[in-house]
2 protein chains.
Amino acid sequence: MLDVARLADVSLQTVSRVSRGRTNVEASTRDRVLAAMREIGYRPNRAARALKSGRFRNIAVIASVMSSYGSIQWVSAIALEAARAGYSVTLVALESTEPQAVARSFDALAEHAVDGVALLLEHHMLEEAGVSLPPGLPAVVLDSGVASPYPVIDNDQAMGARLATQHLLDLGHRTVRHLAGPEDSRAAEIRETAWRETLEAAGAPVPPTDRGDWSPESGYSAGLRLAADPDVTAVLAANDQMALGILRAMREAGRDVPGDISVMGFDDVPESANYQPPLTTVHQSFDRIGAACVSALVAEIERGERTSPSLVPVELVIRSSTGPPRA
Amino acid sequence: MLDVARLADVSLQTVSRVSRGRTNVEASTRDRVLAAMREIGYRPNRAARALKSGRFRNIAVIASVMSSYGSIQWVSAIALEAARAGYSVTLVALESTEPQAVARSFDALAEHAVDGVALLLEHHMLEEAGVSLPPGLPAVVLDSGVASPYPVIDNDQAMGARLATQHLLDLGHRTVRHLAGPEDSRAAEIRETAWRETLEAAGAPVPPTDRGDWSPESGYSAGLRLAADPDVTAVLAANDQMALGILRAMREAGRDVPGDISVMGFDDVPESANYQPPLTTVHQSFDRIGAACVSALVAEIERGERTSPSLVPVELVIRSSTGPPRA
DNA sequence: AACGTGTGTGTTAGCGCAAACATGGCACAC
DNA sequence: GTGTGCCATGTTTGCGCTAACACACACGTT
């Protein structure tokens with residue numbers, strides 16, 4: 001920086017002003033400084049800048065389940081949007097959801113140079129691990145319906161489950177079975193509750209819930225049970241992967257989809273249009289989530305504004321795995 | 001830090017030593033300092049530490065295609081392994097693979113506080129964008145077979161394609177069709193070359209290559225063409241998603257898999273065990289890649305050692321989509 | 001003429017930490 | 001007793017940058 005200043009024959013402060021794009025520098029001076037920077041190959045040192053300003057222009061994303069389609073979409077959407085806002089993104093991947101592993105990652109986080117955190121994890125994990133974020137650190141939680149001290153942003157999953165269930169009822173099914181996600185998942189709970197309430201509101205009987213762990217395997221074994229029950233005409237799986245397992249089970253059991261049984265998923269993973277048959281599902285807007293998340297974080301970091309929780313609408317995607325029940 | 005020093009009645013330097021885990025501190029002093037840190041809630045300031053040491057303990061991962069299964073696995077494997085080595089990971093997501101977008105991301109990178117970079121992109125993109133990394137910045141490329149100035153790490157994809165092709169030949173197929181990935185993909189090229197060479201080595205005829213873009217849709221349309229050709233008895237798709245599309249096409253064309261036609265994938269995505277039928281494919285070890293990548297980077301950052309390129313072995317996963325040709 | 005007001009630029013100080021060097025105490029050999 | 005070396009700990013300094021202030025000068029206003 002000193003070299004640049006000397007070469008352009010200005011003070012260090014003027015170089016600093018140019019490098020930060022401040023306006024109160026005469027055009028000719030600015031050009032001289034910029035030329036000097038290029039000649040020397042000057043790059044501002046982020047560490048020094050951060051030390052002085054107290055800001056790192058960096059946000060952390062803590063993701064518990066990088067294997068799931070949703071969290072990946074979230075992470076990339078946040079990374080893209082953060083780049084637009086001039087922030088970088090530090091990815092803190094959890095080895096597992098064991099309380100100790102969560103606690104360890106949070107300890108590491110405290111030493112990270114971040115101005116804010118996006119939490120991509122089930123909120124109860126935080127409590128189980130007995131950890132908390134460093135006080136005063138802005139954060140948002142990407143998870144719906146939790147009582148969190150931080151702003152919460154999520155897809156409107158309840159709306160998704162409602163739309164899905166209603167779609168099946170509208171097709172003429174007497175009721176809809178639900179293959180829920182694991183009990184400790186908040187998302188699973190919300191989807192299940194919305195499913196139940198939609199049935200109740202329509203006066204349809206509420207059958208017992210089946211439960212899987214998001215994996216195709218768990219969908220497969222639940223699917224075998226469902227296939228064996230002649231009363232079942234429609235199934236809503238809590239995610240696409242489990243729906244895939246159900247499709248496989250139905251085929252093996254000789255039950256036609258959607259002729260004998262309608263199957264719906266949830267998430268709209270890119271593959272779902274190519275399942276057998278192409279899956280009717282619920283599409284979530286991850287890029288909008290990412291944008292909402294980053295703007296909430298930046299608002300709090302830069303202007304101290306707290307955002308109120310927000311739910312991003314979802315959309316029904318009707319393909320070929322659902323149809324009217326056989327008369 | 002000053003408060004901690006006062007509370008523990010030691011010098012700043014001793015606090016610094018304790019906080020970095022240096023050994024030359026007496027046990028009793030260390031305990032006093034640690035207690036004081038806890039009481040005050042002291043957290044070392046990364047920016048100051050980085051400013052002083054010239055190291056950020058942070059590596060960047062530049063990923064071009066966060067949507068593909070492989071890159072996601074790579075990113076999380078690297079993040080996990082980096083955490084173990086005491087590094088954090090900054091994710092630089094590319095908006096697109098347009099040269100301008102790539103160039104923009106690289107400009108941003110230059111201002112990032114990173115000690116090293118892992119490049120998760122096709123090498124030719126760098127050249128097209130006309131960008132280069134800041135000189136002297138350690139980097140590794142996760143991409144095989146490129147002539148790169150940086151160490152290259154990858155799964156042994158040639159081995160995978162060889163194993164897959166040989167598996168089909170061993171089952172008794174006269175030859176094997178190949179649905180390759182896009183032409184601009186190095187991975188696609190390697191897989192295709194290995195497939196061709198395996199056929200040639202076995203004295204099998206080399207049929208024309210079909211080409212897709214990694215998507216299930218492209219697999220589907222290629223699958224329809226393949227299904228119409230009665231000579232085809234075995235197909236190797238360059239990834240699982242395209243294989244999924246082929247499976248769908250075969251089913252719609254009334255061709256049994258593996259009875260009429262054997263289909264193989266490549267990647268072993270978690271869903272592939274639940275495709276219809278469960279897919280025979282090639283499994284890649286992403287965690288080993290992540291570990292190799294981080295250790296290569298750390299070796300260069302901390303000790304200036306250049307690692308030689310390394311290929312991580314892959315494994316054949318035989319499920320139910322392949323079998324002997326109908327006699 | 002005296003006084004604000006604004007604009008472009010320079011000077012000073014210090015952000016929090018760790019390297020380099022300094023110190024002082026103790027164990028041991030001679 | 002004196003020297004030697006080693007260890008735990010303290011003091012000083014500066015990493016690269018920017019906020020705060022200082023200043024000089026060109027204006028317009030009273």
Side-chain angles (χ1 to χ4, degrees), chain A residues 1-37 40-58 86 88 110-115 134 136-137 301-303, chain B residues 1-37 40-58 86 88 110-115 134 136-137 301-303:
Chain A
M1 187 160 163
L2 188 61
D3 297 335
V4 173
R6 272 204 280 258
L7 185 59
D9 195 28
V10 293
S11 70
L12 288 171
Q13 182 59 20
T14 301
V15 176
S16 167
R17 280 194 267 256
V18 170
S19 114
R20 282 174 302 145
R22 292 305 182 83
T23 51
N24 51 346
V25 179
E26 206 171 296
S28 66
T29 312
R30 168 188 311 280
D31 291 345
R32 227 168 50 241
V33 173
L34 287 174
M37 283 180 174
I40 295 188
Y42 167 79
R43 290 284 168 202
N45 178 316
R46 285 271 285 228
R49 203 169 258 190
L51 177 59
K52 192 69 183 115
S53 68
R55 294 271 162 74
F56 302 100
R57 297 196 73 79
N58 187 24
S88 52
E111 308 227 337
H112 277 42
V114 295
D115 305 313
L137 188 63
I301 293 168
E302 295 183 356
R303 302 182 298 278
Chain B
M1 187 159 164
L2 188 61
D3 297 335
V4 173
R6 272 205 281 259
L7 184 61
D9 194 28
V10 294
S11 71
L12 289 171
Q13 183 59 18
T14 301
V15 176
S16 167
R17 280 194 267 255
V18 171
S19 110
R20 282 173 303 145
R22 293 305 182 82
T23 50
N24 52 346
V25 179
E26 205 171 298
S28 65
T29 311
R30 169 188 311 278
D31 292 345
R32 228 171 46 242
V33 173
L34 287 174
M37 282 180 175
I40 294 187
Y42 167 80
R43 290 288 167 199
N45 178 314
R46 286 270 283 226
R49 205 168 257 190
L51 177 59
K52 191 68 183 128
S53 67
R55 295 271 163 73
F56 302 101
R57 297 197 74 79
N58 187 23
S88 53
E111 306 230 336
H112 275 40
V114 294
D115 305 312
L137 188 62
I301 292 168
E302 295 182 356
R303 302 183 297 278

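The analysis underlying the following values was restricted to heavy atoms, covering all of them including side chains, and did not include hydrogens, waters or symmetry mates. So you know, we letter chains A, B, ... as the sequences are listed, proteins then strands, and number each from 1.
- Considering only side-chain N and O atoms, B:T14 lies nowhere under 4.0 angstrom from the phosphate OP1 or OP2 of D:dA8.
- Closest heavy-atom contact between B:L137 and B:V114: CD1-O, 3.7 Å.
- Note: CZ (A:R32) to P (C:dT9) measures 8 Å, nearest angstrom.
- Using modelled atom types and a 3.5 Å distance limit, the side chains of B:S19 and B:S16 yield no donor-acceptor pair.
- A donor and an acceptor atom sit less than 3.5 Å apart, one in the side chain of B:R17 and one in the base of D:dG10.
- For B:P44, whose side chain is taken as the heavy atoms from C-beta onward, the closest listed nucleotide among C:dG16, C:dC17, C:dG10 is C:dC17.
- The pair B:R32-B:E26 does not meet the salt-bridge criterion, since no charged nitrogen lies less than 4.0 angstrom from a carboxylate oxygen.
- As rounded to whole Å, 16 Å separates atom C1' of C:dC17 from atom CZ of B:R55.
- A straight line from CZ of A:R57 to C1' of D:dC17 spans 16 Å, rounded to a whole angstrom.
- Within the structure, every side-chain polar atom (N or O) of A:S53 is placed at least 4.0 Å from both OP1 and OP2 of C:dC15.
- Atom-to-atom, CG of A:L2 to C1' of C:dT12 comes out at 15 Å; the value is rounded to the nearest Å.
- No donor-acceptor contact under 3.5 Å links the side chain of B:R43 to the base of C:dG16.
- Among the heavy atoms of the strands lying under 4.0 Å from A:V10 are primed sugar atoms or P, OP1, OP2 only; no base atom is included.
- Closest approach of B:R57 and B:D115 over heavy atoms only: N-OD2, 2.5 Å.
- As rounded to whole Å, 12 Å separates atom P of C:dG10 from atom CG of A:N24.
- Checking D:dT18, C:dA18, C:dG10 against the side-chain heavy atoms of A:S11 singles out C:dG10 as nearest.
- A residue-by-residue look at A:R22 and B:S28 shows that B:S28 has its nearest nucleotide of DNA chain D further toward the 5' end.
- In this structure, the CD atom of A:Q13 is 8 Å from the C1' atom of C:dG10, given to the nearest Å.
- B:M1 places its CE atom 18 Å from the P atom of C:dG14, with the value rounded to the nearest Å.
- Of the listed nucleotides (C:dA18, D:dT18, C:dC17), D:dT18 has the atom at the smallest distance from the side chain of A:R20.
- Residue order along DNA chain D, read from the 5' end via each residue's closest nucleotide, puts B:V25 first among B:K52 and B:V25.
- Distance A:D9 CG to C:dG8 P: 18 Å, rounded to the nearest Å.
- Where A:E26 and B:N45 meet DNA chain C, the nucleotide closest to each residue was compared, and A:E26 sits on the side nearer the 5' end.
- With the nearest nucleotide of DNA chain C identified for both A:R30 and B:L12, A:R30 has the one nearer the 5' end.
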Can A:H112 and B:N58 be said to form a side-chain contact (heavy atoms from CB on, under 4.5 Å), step by step? CA-CA 9 Å; A:H112 277 42; B:N58 187 23; over 6 Å; no
